[in-house]
Amino acid sequence: MRPTGPLLLMTGLQGLAGGVFVVLASLSWIKGASFAHSAEAGILALLGVALVAGGGLASTFHMHRRAAAQFILRRLRSSWLSREVATTAPFGVLAAASAAAAHLVAAPPAVDLWLFTATALVGLGAMWVTAMIYATIPAMLSWRSATTAPAMMGTGLVAGGVWGWAVMVAVSRTAETGLAIALVWALLAVAAVKWAQWAVFRRARARVESGQSMGIPGRQYRLADTGTSRTPYRTQPQVWRPLTGEERRHAASSVVLAAVATAVLLMVSGGSLAALFAVVSAAAGVYYERWLFFADATHSSSIWLTSGAASPWEQPARAGPPAP
Amino acid sequence: MQLTIITDLNKCVGCKSCQVSCKEHNTGGAYGPVHDHDPYADPDGMWWNRIVGMEGGEYPTADVLYLPKACMHCYDAPCVPVCPTGASFKRADNGVVLVDYDSCIGCQLCMWACPYGVREFDEHEGVVKKCTMCIDRIEDETLAPEDRQPACVQSCPTHARTFGDLDDPDSAVARLVAEQRGFQLLPELGANPAVHYLPRRPVATAVDGSQLDALMQERY
């Protein structure tokens with residue numbers, strides 16, 4: 001499907017925010033009460049709030065008729081999208097409260113500790129709910145898999161964790177070796193899940209490319225005409241043009257390269273500069289991973305739009321009105 | 001009650017009159033949701049009913065098949081529960097799946113959920129639209145009873161399409177499905193579509209390749 005900017009931003013930033021708050025809460029428990037009011041905690045909380053706010057802002061651009069947003073909680077009993085709003089909004093509120101508490105010296109450290117923990121837990125819940133939007137759609141053959149939720153959550157958590165680690169390294173001037181090692185192990189685990197997920201994507205693609213009788217029993221058919229002058233990628237964004245092998249390889253290579261670079265930067269512990277590069281490589285990894293997740297997804301309706309031989313009627317768009 | 005349209009794939013000749021009449025009916029009049037904003041610059045547009053052309057077999061026994069594909073008005077419509085605002089809904093009284101444009105936010109999640117790719121996104125109004133089974137016609141009591149059916153059914157020159165209540169075992173559509181082994185598209189995805197198709201009957205091939213080659217050589 002079409003990987004639109006708001007989709008990439010809202011899912012990517014939410015994951016990063018979740019990762020930052022998990023690091024903040026974990027370090028608060030490990031380092032004790034003094035950490036809650038430290039400069040590092042304050043910056044981490046502010047970073048988390050900014051990421052949640054960015055994701056929330058992007059989500060409003062994903063809606064094409066914002067006037068109807070007032071009805072968005074109507075289907076809490078069945079719609080994961082309603083539930084996403086119901087969990088991400090409290091995540092944002094708690095994140096803002098965490099940032100406020102981290103900067104108010106008067107607040108007891110225990111309040112900060114529990115606030116950070118609650119924010120991290122609600123953030124994890126919001127990330128899981130967001131992932132379930134994609135994992136529960138049977139028609140999206142690539143996403144209907146047990147790998148979708150862990151891959152999506154894991155990518156966000158690790159990348160957000162790397163951002164959190166980078167803040168710690170840059171502000172406190174310490175190597176934060178323990179956190180770096182934990183992130184490398186987490187990165188390896190996410191890589192394994194992503195590997196499995198890409199296998200699911202390949203199987204989904206093969207299922208459509210094999211024709212599977214175009215849904216018609218009794219005989220194998222191949223697509224000749226999608227019904228109109230061009231494949232309706234514009235009005236039916238659940239399908240998109242199939243990626244070329246080269247595009248897919250480039251995107252996948254970029255994800256792998258970003259993951260390897262991030263792991264190396266975590267292990268070398270090279271100070272602020274390495275931390276800065278790690279922030280960039282983690283962000284690039286999230287971007288390419290999410291782009292590939294959407295762009296390479298196979299929808300069941302692709303069998304009537306993109307499978308088999310290209311339509312002989314497929315023509316490029318005309319630039320302007322026909323000549324008189 | 002579950003209103004549906006049954007298409008006999010033996011009778012459909014791919015003339016696309018159902019596709020065009022759908023577009024014409026739903027574009028015309030005061031209420032015209034299926035518009036083309038710039039038809040000369042961009043011949044693409046919104047179509048609620050698309051005829052997919054397919055080829056099967058190899059020369060000399062190749063054949064073509066046309067599949068009219070619009071909303072299947074599924075019993076377990078997956079587009080309905082995913083909608084966060086309740087804009088996508090299924091009428092309890094006649095089973096027709098509809099979209100309330102006033103409460104649609106244009107998130108397009110229903111388009112991902114629909115296994116058949118029959119929902120279309122209107123970029124200009126920011127909402128998702130789809131076949132309404134010509135709800136404005138079938139409930140219009142000012143029309144003669146024989147005219148209270150979808151435009152695509154009325155316009156079919158070969159009478160390949162039949163409209164009726166699938167839940168009524170005495171209806172024409174229920175009898176066609178039962179007697180001619182009507183099938184659903186992609187049943188494995190669990191949507192349980194109301195729209196059925198009547199399968200192609202096997203046709204014996206009367207000629208072989210050498211006969212065709214001889215004929216082509218003789219004539220051309």
Side-chain angles (χ1 to χ4, degrees), chain A residues 1 62-75 77-85 133-134 136-140 214-230 232 234-239 299-305 308 311 317-322, chain B residues 9 14 16 19 40-47 49-57 63-65 67 69 78 80-87 101-109 111-123 125-127 183 185-186 189-191 197 199-200 202:
Chain A
M1 63 166 290
H62 182 55
M63 289 187 285
H64 290 81
R65 257 191 91 251
R66 284 178 277 279
Q70 58 183 308
F71 307 120
I72 208 156
L73 294 176
R74 269 184 182 168
R75 286 260 176 86
R77 279 164 54 165
S78 66
S79 171
W80 285 100
L81 192 51
S82 277
R83 293 170 192 163
E84 183 189 37
V85 175
I133 293 174
Y134 307 100
T136 54
I137 301 175
M140 273 294 185
M214 311 292 290
I216 312 291
R219 187 164 196 185
Q220 287 285 328
Y221 285 95
R222 54 189 175 272
L223 185 67
D225 172 14
T226 59
T228 46
S229 57
R230 283 204 300 272
R234 198 166 56 76
T235 57
Q236 296 195 19
Q238 84 282 356
V239 287
H299 192 267
S300 56
S301 64
S302 301
I303 59 171
W304 298 297
L305 300 172
S311 164
R318 278 211 302 263
Chain B
L9 298 179
K16 303 196 182 187
Q19 182 169 332
Y40 293 103
D42 183 1
D44 264 4
M46 187 175 290
W47 297 85
N49 182 29
R50 291 174 186 264
I51 315 305
V52 181
M54 308 171 191
E55 300 168 341
D63 69 336
V64 292
L65 181 141
L67 183 78
K69 197 164 64 66
V80 172
V82 300
C83 176
T85 64
Y101 304 144
D102 287 335
S103 52
C104 176
I105 56 170
C107 67
Q108 304 164 32
L109 185 52
M111 303 184 67
W112 304 357
C114 171
Y116 306 104
V118 292
R119 290 180 160 243
E120 306 247 340
F121 182 61
D122 186 332
E123 293 170 324
E125 293 180 23
V127 297
F183 68 92
L185 292 179
L186 304 181
L189 294 179
Y197 297 88
R200 276 280 179 85

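Being a predicted model, the structure only gives us computed values, none of them experimental. Order of the sequence lines fixes the chain letters, A, B, ..., with proteins taken first and strands second; residue numbering starts at 1 for each chain.
Of the listed residues (Lys16(B), Arg50(B), Arg200(B)), the greatest number of heavy-atom pairs within a distance under 4.5 Å of chain A belongs to Arg50(B). When each of Ala191(B), Gly14(B), Gly86(B), Pro199(B) is scored by its heavy-atom pairs under 4.5 Å with chain A, the top score falls to Gly86(B). Heavy-atom pairs under 4.5 Å with chain A peak, among Ile105(B), Val64(B), Leu65(B), at Ile105(B). The candidate from Val80(B), Val127(B), Leu9(B) with the greatest count of non-hydrogen atom pairs under 4.5 Å with chain A is Val80(B). Among the candidates Gly190(B), Pro78(B), Cys104(B), the residue making the largest number of heavy-atom pairs closer than 4.5 Å to chain A is Cys104(B).
Val52(B) places none of its side-chain heavy atoms less than 4.5 Å from the side chain of Tyr221(A). Pro84(B) has its side chain out of reach of Val85(A): every pair of non-hydrogen atoms, C-beta onward, lies at least 4.5 Å apart. Under the 4.5 Å side-chain criterion, counting only non-hydrogen atoms from C-beta, Glu120(B) is in contact with Gln236(A).
With sequence neighbours excluded, the residues that form a side-chain contact (heavy atoms from CB on, under 4.5 Å) with Thr136(A) are Trp80(A), Met132(A), Arg144(A). Residues forming a side-chain contact (heavy atoms from CB on, under 4.5 Å) with Cys83(B) (at least two apart in sequence, or on another chain): Arg75(A), Thr85(B), Ala87(B), Ser88(B).
Contacts of Met1(A) with chain B are made by side-chain atoms alone, with heavy-atom separations under 4.5 Å and no backbone atom involved. With a 4.5 angstrom heavy-atom cutoff, Leu189(B) touches chain A via backbone and side-chain atoms both. Contact of His299(A) with chain B is made through the side chain alone, with heavy-atom distances under 4.5 Å. Using a 4.5 Å cut-off between heavy atoms, Glu123(B) touches chain A through its side chain atoms alone. The parts of Glu55(B) that come within reach of chain A are both its backbone and its side chain, each placing non-hydrogen atoms under 4.5 angstrom from that chain.
Phe71(A) approaches Asp102(B) most closely through the heavy-atom pair CE1-O, 4.0 Å. Of all non-hydrogen atoms in Thr235(A) and Met111(B), the two that sit nearest each other are O-CE, 3.2 Å. Heavy-atom minimum distance, Pro115(B) versus Ser300(A): O-OG, 2.7 Å. Heavy atoms only, all atoms of each residue included: Ser103(B) and Arg65(A) are closest at N-NH1, 4.2 Å. The two atoms that bring Ala139(A) and Ala113(B) nearest to each other are CB-O, 3.6 Å, heavy atoms only.
Distance check, rounded to the nearest 0.5 Å: CE of Met63(A) to CD of Gln108(B) gives 12.5 Å. With rounding to the nearest 0.5 angstrom, the CD1 atom of Ile133(A) is 6.5 Å from the CG atom of Leu109(B).
By the 30° and 60° cut-offs, the orientation of the rings of His64(A) relative to Phe121(B) is perpendicular.
Without hydrogens or angle criteria, Ser79(A) side chain to Val82(B) main chain gives a donor-acceptor distance under 3.5 Å.
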